[in-house]
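Every chain is numbered from 1, with letters handed out A, B, ... down the list of sequences.
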Amino acid sequence: MGMISSQEKAAALAAVPLFAGISDDSMAHLTEVAGEVEFPAGQFIVRQGQVGSGLYVIIHGLARVVRGSTEIASLGPGEFFGELSVIDQEPRMASVEAVRDTRLLAVASWDLLRLLESDPALAQNLIRELARRVRSAGEHHHH
Amino acid sequence: MPLSQPELVNTLASLSLFADLSRPQVEQVAHRMSEESYPEGQRILRQGFTGSGFYVILEGEVAIRIDGEERARLGRGDFFGEMSILLGEPPVADVVTLRQLHVLHLGGPELEGFLREHPSVMFRMLRTIALRLRNASRWRS
């Protein structure tokens, strides 16, 4: 697979709900700082317990989220992970493993934090997403 | 008894949620939010009911109860009500005062504009919610 063009990169980022409604400046900056990475099937993208270095957005492929030995979610194009470690700089709570050959865009912690500070729309999208996950974690717990 | 404006500003400035704000910004927050007091035993948010707000505790303590079972307690500097507002869903817990409670209140529809105006408060809130998510996830596994 060849590298994607910056237009493709911008289009892929624009399709991610987390980045909906952010300013043109933020989107341009994000496109510039997001690096393309690729993982073959079976390889770990991030490992539980490691200190996180950034946020990943899946462009193509499929990955699974594993905590301990339990699979807790699978993630496809447009879905993201790694944001918690960016916010609190704590070790990663789960591993993410490529199930198929998977291509992602990676945004370094430092770049994401700068964007969060400068663009309230991004912070707002993220806070809603985290709130939604807290609720759904709580609901699972009840069952 | 309500605090004087300078007392209120000092109190707010000492809370971690507002720790990154300048003095004039804290004054703005004090002006924007309304001070309220509730007696012991009062339900401020009701599980499953709409109509809510965002509350920051200045003094006192509340219990978070789901189906009558206590899940957590919150005290000075803690906040509640933001989850329902952010998600546009009714509260999933009752919030009940354990003793006299003194809070700052912001109406639900105002919260998002307020956070946009004060990105550092939004970031502090983001970190708190991230911590809750970590705790909730640990609980689950």
When clusters are formed by joining ILVMFWY residues with side-chain heavy atoms under 4.5 Å apart, either directly or through shared neighbours, do A:Leu113 and B:Leu133 land in the same one?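 Result: yes, single cluster for both.
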
Is there a continuous path of hydrophobic side-chain contacts, each under 4.5 Å between heavy atoms, that joins B:Ile57 to B:Tyr38?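 Both belong to a single hydrophobic cluster.
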
Which atoms of [X] are under 4.5 Å from chain B, going by heavy atoms: the side chain, the backbone, both sets, or neither?
| X | value |
| --- | --- |
| A:Ala94 | neither |
| A:Leu116 | side chain |
| A:Glu117 | backbone |

Please classify the contact between B:Leu87 and chain A as side chain, backbone, both or neither, with a heavy-atom cut-off of under 4.5 Å. side chain

Which region of B:Ser84, side chain (C-beta onward) or backbone (N, CA, C, O), has a non-hydrogen atom less than 4.5 Å from a non-hydrogen atom of chain A, or is it both or neither? both

Judged by atom type as modelled, is there a donor-acceptor pair below 3.5 Å linking the side chain of A:Thr102 to the main-chain atoms of A:Arg100?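 Pair found, side chain donor or acceptor close to backbone of A:Arg100.
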
Taking A:Glu90's backbone N and O only, do any of them form a donor-acceptor pair with A:Ser85's side chain (distance below 3.5 Å, no angle check)? yes

For chain A, the option from B:His118, B:Glu117, B:Met122, B:Glu82 that forms the most heavy-atom pairs under 4.5 Å: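 Going by pairs under 4.5 Å, I would pick B:Met122.
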
Residue among A:Arg64, A:Arg67, A:Gln50, A:Arg47 satisfying side-chain contact (heavy atoms from CB on, under 4.5 Å) with A:Ser95: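 Testing each of A:Arg64, A:Arg67, A:Gln50, A:Arg47 against A:Ser95, the sole residue satisfying side-chain contact (heavy atoms from CB on, under 4.5 Å) is A:Arg47.
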
